[in-house]
Amino acid sequence: MKSYDLNLLPQKINEGSITTKQAVDCISSFVIQNYRVFGLQKYDEDFRSDILVSLLERGEHLIHLYNPEYGDFFSFLYCYIQSLANSQIKSFANRAIQEKINFEEGIKTLEETNSLYQRYNSQYLEETKVPYAPKKVPAEELSQALQQIAKSTSDKKMLVLALKSSFYITDYQISRICKMYRFNPEHFYALVQYCKDSINRKAQRREMFQQRRNFAYYHHKRYKKLIDNLQFDDKKAYKKETLNRFVQMEQKHNHNWQLLNQSFQNGLLTLRPTNKTIAKLLGICERQVTYYLNCAKKDAERKEAENSKICKNKEL
């Protein structure tokens, strides 16, 4: 295929002689065979493969973006390939900068923790920075220590609530609970960390759903803006077809955004350990954990009702 044949692809799509997928395949084959035309010979094969993958992913979007009023399709394709290459270079540069920052932070941390007269081997500076990993206490030891504490007190509601909200509990709340039950803060920190570790997978899934929600919201606003711009542009070619496609995409992303928001409001993937995990640590059954949670909920509702009653009496 030559550049002249490449310029005829949008016309053939509009005539219905070829599909959009066939046009994307023709464009990809042309780019692979003539990568020197697009200035890709100065990059390695992995870089060219990434460019090709990006082109295949955005091929249909590329054809719809083309406007014949501004020039030939080949010129548009050349500029698009150059923009993909620049985006790839920027991502590599950002990654290199982040690695350099991590390396400099490692050096700075080492200089702060070592005295000026202490000698150290410079070869360790070339190693990657290892994140801080606290010493983990086995679950059996934690369970035994907590069971002894639980036996010595009758009211376990605060203890159950603290473990249930381990992902959100603060240092101040932990210190108050330790004073209340009179046990070592380090042991309780280990218990909270154990509960947090049990919901790591749930936290990763929640983060993934949040990214999907943000992605849907971004494209919902993006397509809405494109629709507004297109409605006031009388010179836009293929206006009706493009407008219908933008409306469908905006409705799709808006539906996904609203659905994920509603799911989060209904308690999708709440970051709290299971009753089974807490029951195992306390040495009680899951029913007792549920009972303590219900008691705490009733106490909170009763206090809220009393406070609202006091406020109403003050107003009167």
Side-chain angles (χ1 to χ4, degrees), residues 133-213 258-316:
K135 183 180 179 182
K136 293 186 177 180
V137 183
E140 294 79 9
E141 296 182 11
L142 291 176
S143 179
Q144 291 176 3
L146 193 59
Q147 287 174 22
Q148 292 177 0
I149 297 167
K151 289 178 182 178
S152 61
T153 179
S154 58
D155 189 8
K156 304 182 182 66
K157 285 185 293 186
M158 293 297 296
L159 197 58
V160 171
L161 286 175
L163 295 177
K164 196 70 175 177
S165 59
S166 57
F167 193 84
Y168 306 100
I169 195 169
T170 62
D171 292 340
Y172 175 71
Q173 292 170 337
I174 290 177
S175 63
R176 290 193 62 184
I177 291 171
C178 291
K179 289 179 181 178
M180 182 186 301
Y181 290 102
R182 297 179 181 178
F183 53 84
N184 192 351
E186 293 184 0
H187 289 171
F188 194 72
Y189 273 109
L191 291 168
V192 171
Q193 187 62 41
Y194 177 81
C195 293
K196 283 184 178 180
D197 293 340
S198 67
I199 56 175
N200 278 340
R201 183 176 178 81
K202 189 183 291 186
Q204 293 173 359
R205 289 183 59 200
R206 182 180 174 86
E207 185 178 356
M208 181 184 68
F209 277 102
Q210 287 176 341
Q211 291 176 357
R212 284 176 55 188
R213 180 196 60 185
Q258 296 288 352
L259 185 64
L260 287 170
N261 265 345
Q262 187 64 33
S263 299
F264 278 119
Q265 290 176 3
N266 295 335
L268 175 68
L269 296 174
T270 50
L271 298 180
R272 57 192 180 204
T274 60
N275 291 351
K276 183 178 180 180
T277 303
I278 297 175
K280 182 180 178 181
L281 287 174
L282 291 174
I284 58 179
C285 64
E286 296 180 38
R287 282 187 176 183
Q288 288 179 285
V289 175
T290 307
Y291 168 76
Y292 288 127
L293 292 174
N294 291 334
C295 289
K297 184 178 180 180
K298 290 179 181 178
D299 290 344
E301 292 175 352
R302 188 179 67 255
K303 289 181 180 178
E304 185 178 357
E306 291 176 356
N307 292 334
S308 61
K309 188 176 180 181
I310 293 171
C311 292
K312 289 181 180 178
N313 292 333
K314 287 182 179 180
E315 291 177 358
L316 295 175

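Source: prediction; values computed, not measured.
- Residues passing the side-chain hydrogen bond (donor to acceptor under 3.5 Å, both in side chains) test with R272 are T270, sequence neighbours excluded.
- The side-chain contact (heavy atoms from CB on, under 4.5 Å) check on Q288 picks up I284, C285, Y292, with sequence neighbours excluded.
- For L161, the side-chain contact (heavy atoms from CB on, under 4.5 Å) partners at least two apart in sequence or on another chain are L293, A296.
- Sorted by first and then second residue, the pairs that involve residues 166-179 and meet side chain to side chain donor-acceptor pair (under 3.5 Å), not counting sequence neighbours, are T170-Q173, D171-Y189.
- Between I199 and T277, the closest side-chain pair of non-hydrogen atoms is not below 4.5 Å.
- Annotation for E301: atom CD counts as buried by contact number, over 12 foreign heavy atoms lying within 6.0 Å.
- Looking at heavy atoms from C-beta onward, R287 lies out of side-chain contact with N275 at the 4.5 angstrom threshold.
- Here CD1 of I174 is found 4.5 Å from CD1 of I169. Values are rounded to the nearest 0.5 Å.
- Applying the side-chain hydrogen bond (donor to acceptor under 3.5 Å, both in side chains) rule to N294 yields no partners; only residues at least two apart in sequence or on another chain are considered.
- For Q265, the side-chain contact (heavy atoms from CB on, under 4.5 Å) partners at least two apart in sequence or on another chain are Q262.
- Between L260 and R212, the closest heavy-atom pair is CD1-C, 3.8 Å.
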side-chain hydrogen bond (donor to acceptor under 3.5 Å, both in side chains) between D197 and Q193, worked out: CA-CA 6 Å; D197 293 340; Q193 187 62 41; 3.1 Å; yes

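- The two residues I278 and V160 have their closest heavy-atom pair at CD1-O, 4.2 Å.
- Counting heavy atoms from C-beta outward, L281 and P273 have side chains that stay 4.5 Å or more apart.
- Take L259 and apply the side-chain contact (heavy atoms from CB on, under 4.5 Å) test, not counting sequence neighbours, and it matches H255.
- For R302, the side-chain hydrogen bond (donor to acceptor under 3.5 Å, both in side chains) criterion is met by D299, not counting sequence neighbours.
- With sequence neighbours left out, the side-chain hydrogen bond (donor to acceptor under 3.5 Å, both in side chains) criterion links S165 to no other residue.
- The two residues F167 and K196 make their nearest non-hydrogen contact at CA-CE, 4.0 Å.
- Taken from CZ in R201 to CD in Q204, the straight-line distance is 7.5 Å, to the nearest 0.5 Å.
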